[in-house]
Amino acid sequence: LKYTVTRPGRTAGKRVGDNVTLRVAVLGAGIQGTCVAFALAARGHRVDLYDRNAACITQASAQNEGKIHLGYVYANDASRRTARLMARGALCFAPLLRGWLGAAFDKVPVSSPFCYAVNAASLLTVDEIAVHLDDCVRTAAACASPASAYFGRDFREPARRLDPAGWEATFSGENVRAVFQTNEIAIDPEALAAVIRERIAAVPEISLRLETVVQGVALERNRLTVAFESAGAAGRDTYDHVVNALWDGRLAIDASRGRRAPERPWIWRLRRNLRVETSRVGWAIPSTTNVLGPFGDVVNFGNGVFYLSWYPAGRVGVSRALVPSNWEPAGAATDPAATQAGIVEGLRAIMPEISALACDPGTRLRLTSGIVFAWGATDIDDRGSALHRRYQVGVHSDGNYHSIDTGKYCLAPLFATEVAARITAETAAL
Ligand SMILES: Cc1cc2nc3c(=O)[nH]c(=O)nc-3n(C[C@H](O)[C@H](O)[C@H](O)COP(=O)(O)OP(=O)(O)OC[C@H]3O[C@@H](n4cnc5c(N)ncnc54)[C@H](O)[C@@H]3O)c2cc1C
């Protein structure tokens, strides 16, 4: 993928023949920042990619479930706007990443397709979930373009409600009301992170500025200056454009640039989940999302790797500050052993074989920890919570300063191409 801006014009960037090369600072090297860097480099721009850590993709983008959402879990957004946005992101996720990463992308493990198990305490009825799943399939088909692809799976195929005789051996008949088989999958985020790290180091247009803490962004004579701290020394550098993809650091740097704190309420949640590696094969544990409410998921990546989440045990902190800190305990035990036991216990009540997996001598369990940002005042157990509606995310531009609320992992390539197109279009118009 290579694009160039061929319209000559005045720009603060360097002109090479008729092409304009801009210097862009991308703040944050999670899935969002790395995708923005790839999208800009593919258009011929020079990128400095900043992160406070020693490697790219170590935070939320490495610690998440990796589900490439087709909107199925957002059944409580009756407008279906969340489902539409998720489908737009999901259908370009693999094509864009394959363009940036090449054939290495196809070696990243993806999960078995998800079952949706309707919990006995679901906020919505089985019939309401069924209608929503059908709507999602129609929505995805309506969003699709000839370039759309979803990991070789048919995103137009309706979800199938399984006969109880087909699922009662796997799911608890006491806690589960119905099971739907879908074509939705997750990608292993740790494996994808490794492929991205290797590729990004080889792209000549991208310079990594790791172990560098971004402290602020200021506008000076139509150019943006990034202030940072690296190896104990303060530094500054000036750019044509700045893209803020800092996730948990984003609101603070937006404020340094002069943006007022958002008026709508937001919640940071600190979530712990379990990554499981087992040497024994043959576990009959399908990838499963329990709907709808504060339940959890099982992801089976098919290579002996599972990812387990149980929301009431894994949500260990909540913060409503500009920068999440001083986490208020969220009701769950924060002691790692108790969190681990709570996740296994919660899932075991839905899928009994989980306890055998967790206790097997060939199994290694590792707690992961990541921060989730979402707009809303109350948590997902509240049917009226804004956390059920996730469409108010994406790129916000103010001149040559762009701030991205990634929202979800699966949306990062979509938003990366949007911001790169904005930057390029603005250049072309100069
Ligand atoms: C437990 C969990 C499960 C999830 N499951 C899913 C899922 O299944 N599907 C899905 O689509 N989404 C999921 N998400 C959401 C998804 O992980 C996030 O939306 C996404 O990873 C955010 O990407 P990002 O690049 O914006 O943030 P990050 O990956 O956090 O990257 C931001 C980077 O900015 C750096 N940084 C921050 N502040 C500074 C600073 N001041 N100076 C320098 N560097 C800084 C950080 O070190 C970090 O590397 C989940 C999230 C969690 C936590």
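Order of appearance sets the numbers: ligands from 1, and atoms from 1 within every ligand. Since the model is a prediction, treat every value here as computed from it, not as a measurement. Basis for what follows: all heavy atoms, side chains included, without hydrogens, waters or symmetry-related copies.
- Under a 4.0 Å N-O distance rule, the pair Glu353/Arg348 does not qualify as a salt bridge.
- Of the listed residues (Leu208, Val26, Val214), just one forms a side-chain contact (heavy atoms from CB on, under 4.5 Å) with Tyr50, and that residue is Val214.
- The closest protein non-hydrogen atom to atom 50 (C) of ligand 1 is Asn64 CB, 3.3 Å.
- Contact annotation: Thr212 has at least one heavy atom less than 4.0 Å from an atom of ligand 1.
- Of the candidates Leu246, Val36, Val393, the one placing a heavy atom closest to atom 36 (N) of ligand 1 is Leu246.
- Residue, atom and distance of the protein heavy atom nearest to atom 49 (O) of ligand 1 are Asp51 OD2, 2.6 Å.
- A cation-pi contact, defined as under 6.0 Å to the ring centre and within 45° of the axis, links Arg81 to Tyr391.
- Looking only at protein heavy atoms, the nearest one to atom 28 (P) of ligand 1 is Ser61 OG, 3.7 Å.
- With salt bridges taken as basic N to acidic carboxylate O contacts below 4.0 Å, none links Arg259 and Asp398.
- Atom 26 (O) of ligand 1 has Thr406 OG1, 2.6 Å as its closest protein atom, hydrogens excluded (heavy atom only).
- In this structure, Tyr307 counts as a contact residue of ligand 1, since one of its heavy atoms falls inside 4.0 Å of the ligand.
- Considering each of Gln59, Lys67, Arg52, the one bringing a non-hydrogen atom nearest atom 8 (O) of ligand 1 is Lys67.
- Of all protein heavy atoms, the one closest to atom 31 (O) of ligand 1 is Gly30 CA, 3.3 Å.
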